Amino acid sequence: MLASYDQTFKTVTNRYDVLSGQLLETSRFEDDRIGEKFSAMNYDIHTGNVLGLPGKILAFLGSMISASLPLTGFLIWYNRKKAKEFSFQVRG
């Protein structure tokens with residue numbers, strides 16, 4: 001049987017005794033407290049898996065915008081610096 005990842009909020013956790021193999025406890029995601037739910041959904045939130053395909057697209061666009069900010073900031077700074085040097089050369 002292959003292990004696969006499904007959304008966190010659909011999980012049921014079973015705990016077994018190591019020696020006897022007897023079921024000790026079953027916990028469902030719905031029964032957790034709110035803080036535990038957000039903590040468990042950390043991976044789903046960061047990958048956009050919470051909202052399905054639209055969430056993944058939003059996460060992708062957000063990460064692309066975040067990744068482009070240092071580059072665009074440098075380009076704006078560099079062009080301003082170049083424009084100031086050019087304006088001093090023309091007047092002076």
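Given the structure is predicted, the values throughout are model-derived calculations rather than measurements.
The shortest heavy-atom contact between Glu30 and Lys37 is O-NZ, 3.5 Å. Closest of all the heavy-atom pairs between Lys56 and Thr47 is CG-O, 3.7 Å. The heavy-atom pair separating Tyr16 from Gly21 by the smallest distance is CD2-O, 3.6 Å. Closest of all the heavy-atom pairs between Pro54 and Leu51 is CD-O, 3.5 Å.
The cluster map of Ile, Leu, Val, Met, Phe, Trp and Tyr, joined by side-chain heavy atoms under 4.5 Å apart, puts Leu71 and Trp77 in the same cluster. Linking ILVMFWY side-chain heavy atoms closer than 4.5 Å, directly or via other members, places Leu53 and Phe60 in a single hydrophobic cluster. Both Ile34 and Phe29 belong to a single network of hydrophobic side chains, linked directly or stepwise wherever heavy atoms of I, L, V, M, F, W or Y lie under 4.5 Å apart.
Side chain of Asp31 to main chain of Ser27: no donor-acceptor pair is present (N/O by atom type, distance under 3.5 Å, no hydrogens or angles). Between the side chain of Thr72 and the backbone N or O of Ser68, at least one donor-acceptor pair lies under 3.5 Å.
A 6.0 Å sphere centred on CD of Glu25 holds more than 12 heavy atoms belonging to other residues, nucleotides or ligands.
Note: Phe74 and Tyr78 have parallel aromatic rings, judged against thresholds of 30 and 60 degrees for the angle between ring planes.
A 4.5 Å side-chain heavy-atom check between Leu23 and Asn14 finds at least one atom pair inside the cut-off.
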